[in-house]
Amino acid sequence: MATKCKDYNFLEIEPHWQSFWEKNHSFRSEPGTAKPKYYVLDMFPYPSGAGLHIGHPEGYTATDIVARYRRARGFNVLHPIGWDAFGLPAEQHAVKTGTHPASNTQNNIVNFRRQIKALGFSYDWDREVDTTDPKYFRWTQWIFLQLFKRGLAYVDERPVWWCPELRTVLANEEVVDGKSEVGGFPVERRNLRQWVLRITAYADRLLADLKDVDWPDSTKRMQEAWIGRSEGAEVLFELENRALGTLKIFTTRPDTLYGCSYMVLAPEHPLVDALTTPAQKAEVEAYRKKAAGKSDLERTDLAKDKSGVFSGAYALNPVNGARVPIWIADYVLMGYGTGAIMAVPAHDERDFEFAQRYALPIVQVIEAREGPTVLPYIGDGRVIHSGNYNGLDWPEAKKRITADLAGRGVGQPTVNFKLRDWLFSRQRYWGEPFPIVWINETDYRLAVARRGGDVPPSPVTFTSEGVTHYALPLPAGALPLELPSVQSYLPSGNGESPLANETAWLEIWLNFETGAAVPASQPRPAGAAWIRARRETNTMPQWAGSCWYYLRFTDPANAAALASPEALRYWGVPDLYVGGAEHAVLHLLYARFWHKVLFDLGVVPQSEPFTKLFHQGIILGEDGEKMSKSRGNVVNPDSIIASHGTDTLRLYLMFLGPLEAMKPWNPNGIEGVHRFLQKVWRECLDREGLVNPKITADPSADSAELIKLLHETIKKVGDDIEELRLNTAISQMMIFGNALQKAPSVSRATVLAFLQLLAPFAPHIAEELWSRLGEPQPISLAPWPTFDPAKLVSDSVKLVFQVNGKFRGDQLVPVGLPEDEAVKLAQSNAKISPHIAGKSIKRVIYVPGRILNIVVE
RNA sequence: GCCCGGGUGGCGGAAUGGUAGACGCUGGGGACUUAAAAUCCCCUGCCUGCAAGGGCAUGCCGGUUCGAGUCCGGCCCUGGGCACCA
């Protein structure tokens with residue numbers, strides 16, 4: 001079974017055991033055993049052309065240690081891996097080379113798989129998934145149809161980032177500092193027809209359910225901030241020109257209503273035209289034009305000074321009838337609240353700044369409880385200058401004023417979210433096609449009447465050149481809708497994807513009952529169900545496939561459902577999910593949203609997908625900078641595997657520091673862990689590769705100290721793995737290794753137990769030595785050793801002596817030594833007595849077994 | 001600006017309020033060897049002292065405590081996230 005090498009020849013040992021595990025499907029997960037299940041998941045990678053870099057195996061090694069440990073503890077472990085393989089780089093490569101992105105993607109996957117296998121991870125390779133596989137994205141499309149059917153998907157003209165260079169639309173997160181994240185090209189705003197997912201419908205639940213998950217607090221807070229719930233009121237201001245009706249604003253501080261000295265509308269607000277007086281028309285028009293040309297970025301980050309223009313119109317304050325001027329300013333955004341605010345410069349920094357610039361009145365209505373009130377003041381305090389509400393704490397005033405407004409029908413309590421609906425389409429080729437066709441109203445009514453059931457309550461439509469198009473889903477049975485092969489991967493250039501040029505795929509006769517299609521250039525097939533249709537040319541963003549992959553792993557080959565109800569019930573959701581903090585908001589929020597929709601559909605039995613989340617830190621280059629090709633500081637795991645072996649690499653990655661910390665790669669330290677493994681090898685085998693003669697079958701060969709240390713080590717390594725403190729687990733094993741080396745003799749049982757502890761970290765050498773020591777079954781199937789708490793206690797302990805809190809010496813004392821005897825020991829100890837001699841003892845603090853602190857005058 | 005982390009030897013880091021620096025790296029000395037490598041042993045925070053020892057040390061200042069890297073308050077530096085959200 002084992003190799004025959006005399007020395008620790010990792011180049012021979014590691015491939016040997018990797019092929020052993022592969023041949024025996026050692027890590028295949030089978031549902032339906034009596035064992036408890038444990039599902040441990042890595043964020044699956046995008047298989048880039050650059051191959052694996054050292055950051056990937058960091059998290060993967062940690063989860064592999066957990067997976068191997070849990071197997072040893074008797075769990076039925078699900079530990080899968082796959083490929084998040086749609087994405088822009090493959091498409092850009094295709095544009096450049098003219099080869100299909102699928103072939104490039106497959107090449108990259110082959111390379112990633114080879115690299116990952118060389119690291120010896122205990123993945124269940126029978127469960128590999130690939131988001132670009134039609135058998136996979138069939139179900140991505142299916143989930144989209146469920147969202148569509150529930151009215152959670154709609155089409156809207158959206159101003160989106162358009163990058164002329166990439167000839168495509170970018171998501172907000174793909175735009176960094178006004179440039180495309182990929183390539184750094186300039187971008188501009190353009191209005192395009194987009195698919196949007198109504199994630200805001202789930203805002204409340206996405207926020208509330210954060211309390212149920214075991215995630216890093218910082219990540220929870222980031223999601224909370226992103227969702228951005230705020231409670232306030234919508235208030236109606238009557239306009240002085242009654243003909244124009246009322247102006248609805250949102251405020252979180254209705255208690256400051258008496259301090260409102262002007263109003264602001266976003267430049268895009270629909271009332272702007274009607275409100276503006278003739279005298280102000282020209283100025284307002286010019287301002288709106290200028291604002292429209294600005295990106296959000298320019299309106300926010302870059303704008304240091306607020307700007308605005310008076311509309312000439314006035315509104316009436318509902319609490320006191322005061323006449324309030326209405327301004328137009330781009331510091332108010334149309335996309336949040338009602339696009340209109342009441343400005344209270346005394347108690348809002350932005351309003352204050354604006355009021356100062358345009359010399360608008362500032363009316364203080366909150367007073368600090370103590371001391372002077374410096375404006376703008378946003379702290380706690382009492383309401384003043386506010387009629388009947390004077391003297392109330394402002395939160396109380398907020399409640400009362402809101403209630404009073406509601407009673408008069410001019411306001412209501414309102415909750416607003418920062419969260420926006422999710423722009424879900426890309427004008428690209430390399431993504432999941434939408435299983436949607438566009439048809440006319442008559443055909444839509446016909447199809448719905450015949451088919452029913454799978455369309456939203458109100459039809460999704462868009463109107464172009466006076467014609468309204470209706471979105472009809474393909475029948476679920478017609479999925480997957482695959483990508484056609486195309487002549488060119490270049491975007492059409494007019495805002496549509498390359499698919500828009502594939503007329504034979506695009507313009508079709510569709511059988512709405514079966515989903516069958518023939519090109520529209522051919523005669524219409526016979527039968528009432530054939531209608532003229534145009535396919536959707538947008539494709540889905542990369543997030544789509546990664547939103548649900550963790551479910552597919554439970555039943556990856558299922559052709560009848562995204563996974564069987566049995567598999568979803570048995571495996572459930574990951575018990576541990578490990579990945580980078582860079583996904584703290586988007587991926588994790590999107591996946592939670594989809595999961596909740598699937599929960600509402602009854603597809604999954606839990607309402608949250610990731611119960612326990614851990615972020616591994618980033619490994620920086622040797623220079624302390626982020627690893628990147630351009631800096632030339634990228635460390636490739638292949639070269640370390642070749643020079644030191646993967647067991648050394650795995651151990652070193654974990655030994656570098658706390659898993660969650662950001663830490664620089666330091667090649668010097670790798671020798672240390674490599675030496676540790678060689679020491680373990682030498683303690684097990686002699687120079688001829690035979691069992692080290694110091695290892696005997698006799699259990700009494702172990703000293704009492706070694707036995708105690710072994711049990712301490714079993715406890716610490718187990719505890720540390722459960723808490724992902726893998727660096728200190730390795731330290732403890734090194735301490736044991738050093739003790740092993742010093743021991744003149746050792747029992748075989750002790751060595752075997754130690755190898756079991758090492759096995760999750762350095763599985764190849766552990767298998768090899770385990771086998772060489774004569775164990776017939778692989779160590780990967782062996783149970784975790786147990787520690788005996790009785791072995792952890794000894795009859796003497798080291799007691800630390802302090803005088804006035806300063807360390808003055810220590811001594812071994814019997815367990816349970818009474819205080820007075822401890823004091824006597826201190827007094828008779830030559831190192832301690834000089835510090836207390838001739839002084840009066842004021843106080844003695846005694847923590848048995850730990851410390852004796854004598855406080856003297 | 002707001003919200004989170006983090007500041008400990010030459011380096012990576014370790015420390016339930018109880019000897020700060022485990023473990024590893026680096027450096028120095030020694031053993032083994034014809035020699036080297038490998039391996040093993042000792043030393044390796046700073047200052048002072050021949051030594052025994054003493055003093056100072058966990059970013060800075062203060063506080064709580066018999067005792068603080070750890071708890072509290074205020075700063076400084078640094079990394080990350082968000083950003084006119086009414």
Side-chain angles (χ1 to χ4, degrees), chain A residues 7 216-222 224-226 228-230 232-233 249-253 256 263-264 266 296-297 299-301 303-304 306 329-333 335-344 347-351 353-354 416-420 581-582 584-585 617-618 620 624 626 651-652 655-658 660-676 678-679 682 725 727-738 741-742 798-810 830-831 834 842-847 849-856:
Chain A
D7 300 325
D217 279 343
S218 57
T219 304
K220 285 193 190 186
R221 271 192 288 262
M222 278 169 68
E224 276 167 21
W226 191 265
R229 182 180 201 274
S230 57
I249 61 105
F250 173 73
T251 177
T252 56
R253 293 295 300 274
T256 61
M263 323 268 306
V264 184
D296 277 0
L297 200 79
R299 277 171 68 159
T300 57
D301 287 28
K304 286 286 158 265
K306 301 210 177 340
D330 65 6
Y331 80 91
V332 170
L333 308 173
Y336 182 78
T338 62
I341 62 159
M342 66 168 195
V344 185
H347 305 292
D348 182 284
E349 286 173 14
R350 298 152 299 181
D351 298 345
E353 195 190 316
F354 191 83
N416 252 316
F417 293 93
K418 275 199 262 188
L419 184 69
R420 310 292 176 80
E582 64 272 21
V585 176
I618 297 171
L620 304 170
K626 214 167 172 174
L651 213 52
Y652 186 54
F655 189 62
L656 220 43
E660 66 275 19
M662 181 182 285
K663 45 205 177 279
W665 177 256
N666 172 2
N668 298 329
I670 201 158
E671 294 298 339
V673 291
H674 191 63
R675 277 200 278 263
F676 165 65
Q678 286 189 301
K679 182 182 292 186
R682 278 196 313 273
R725 292 184 304 239
N727 52 332
T728 51
I730 294 167
S731 296
Q732 184 65 31
M733 288 191 284
M734 286 175 165
I735 291 169
F736 187 84
N738 291 341
Q741 178 224 311
K742 288 185 181 69
K798 190 161 73 175
L799 184 65
V800 169
F801 298 110
Q802 293 183 341
V803 178
N804 289 344
K806 271 199 163 54
F807 172 78
R808 295 298 176 186
D810 57 42
K831 281 188 173 172
K842 274 172 60 182
R843 194 175 164 187
V844 173
I845 291 102
Y846 182 52
V847 184
R850 278 210 171 272
I851 200 160
L852 177 76
N853 187 10
I854 300 173
V855 184
V856 297

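Chain letters run A, B, ... following the sequence lines, proteins first, then strands; residues in each count from 1. Computed from a predicted model, the values in this text were never measured in an experiment.
- The ring-ring contact (aromatic ring centres under 6.0 Å, His included) search around F655(A) returns none, not counting sequence neighbours.
- The distance from atom CD of E224(A) to atom C1' of C2(B) is 15 Å, rounded to the nearest whole Å.
- Summary of the strand contacts: P664(A) and A225(A) both lie near RNA chain B, and taking for each the nucleotide with the nearest heavy atom, the more 5' one is attributed to P664(A).
- Atom CG of L852(A) and atom CG of L799(A) lie 6.0 Å apart (nearest 0.5 Å).
- Where M662(A) and M342(A) each meet RNA chain B at their nearest nucleotide, the meeting point lying more 5' is that of M662(A).
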Pair N738(A)-K679(A), side-chain contact (heavy atoms from CB on, under 4.5 Å): steps then yes or no: CA-CA 8 Å; N738(A) 291 341; K679(A) 182 182 292 186; 2.6 Å; yes
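- Among the atoms of the strands shown, only primed sugar atoms or phosphate atoms (P, OP1, OP2) are found under 4.0 Å from some heavy atom of K831(A).
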Under 4.0 Å protein heavy-atom contact, by nucleotide of nucleotides 37-51 of chain B - B base, S sugar-phosphate only: --SSS----------
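- Rounded to an integer number of Å, the gap from CZ of F676(A) to C1' of C23(B) is 11 Å.
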Test log, rule side-chain contact (heavy atoms from CB on, under 4.5 Å), inputs F801(A) and I854(A): CA-CA 8 Å; F801(A) 298 110; I854(A) 300 173; 5.9 Å; no
Pair M263(A)-I249(A), side-chain contact (heavy atoms from CB on, under 4.5 Å): steps then yes or no: CA-CA 9 Å; M263(A) 323 268 306; I249(A) 61 105; 3.6 Å; yes
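- Counting only Watson-Crick and G-U wobble pairs whose two key distances fall under 3.5 Å, RNA chain B forms stems of three or more stacked pairs at B:1-7 with B:76-82, B:10-12 with B:23-25, B:27-31 with B:39-43, B:45-48 with B:53-56, B:59-63 with B:71-75.
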Candidate pair Y331(A) and D351(A), rule side-chain hydrogen bond (donor to acceptor under 3.5 Å, both in side chains), full reasoning: CA-CA 9 Å; Y331(A) 80 91; D351(A) 298 345; 2.8 Å; yes
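- Side-chain proximity of T252(A) to C82(B), C23(B), A86(B): nearest is A86(B).
- Of the listed nucleotides (A22(B), C84(B), A86(B)), C84(B) has the atom at the smallest distance from the side chain of K306(A).
- Looking at the side chain of Y331(A), the nearest of the listed nucleotides C3(B), G24(B), C84(B) is C84(B).
- For N804(A) (side chain) and V856(A) (main-chain N/O), a donor-acceptor pair under 3.5 Å exists by modelled atom type.
- Taken to the nearest 0.5 Å, the CD atom of E224(A) stands 11.5 Å off from the NZ atom of K418(A).
- Among the heavy atoms of the strands lying under 4.0 Å from D810(A) is at least one base atom, whether or not backbone atoms are also near.
- Every residue two or more places apart in sequence or in another chain that forms a side chain to side chain contact (heavy atoms under 4.5 Å, CB included) with N853(A) is listed here: Q802(A), I845(A).
- Residue pairs satisfying the salt bridge (charged side-chain N to carboxylate O under 4.0 Å, His left out) criterion with at least one member in residues 661-673 of chain A, sequence neighbours excluded, are listed as follows: E58(A)-K663(A).
- Base orientation of G9(B): syn, since the glycosidic angle falls within 90° of 0.
- At C3(B), none of the side-chain N or O atoms of R221(A) fall inside 4.0 Å of OP1 or OP2 (strictly under the cut-off).
- If you measure from atom CZ of R253(A) to atom C1' of A86(B), you get 11 Å, rounded to the nearest angstrom.
- Within the nucleic acid shown, T338(A) has no heavy atom closer than 4.0 Å to any nucleic acid atom.
- Atom-to-atom, CG of L656(A) to P of C23(B) comes out at 19 Å; the value is rounded to the nearest Å.
- The side chain of K806(A) sits closest to C56(B) out of C56(B), A22(B), C4(B).
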Table of protein N/O atoms under 3.5 Å from nucleotides 14-18 of chain B N/O atoms:
unit_1: A14(B); atom_1: OP1; unit_2: N727(A); atom_2: ND2; d: 2.9
unit_1: U16(B); atom_1: O4; unit_2: R850(A); atom_2: NE; d: 2.5
unit_1: U16(B); atom_1: O4; unit_2: R850(A); atom_2: NH2; d: 3.3
unit_1: G18(B); atom_1: N2; unit_2: Q802(A); atom_2: OE1; d: 3.1
unit_1: G18(B); atom_1: N2; unit_2: N853(A); atom_2: ND2; d: 3.4

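- To the nearest 0.5 Å, atom CE of residue M733(A) and atom OG1 of residue T728(A) are 9.5 Å apart.
- One atom, CD1 of I730(A), and another, C1' of G12(B), lie 13 Å apart when rounded to the nearest Å.
- A86(B) atom P lies 17 Å from atom NE2 of H347(A), rounded to whole Å.
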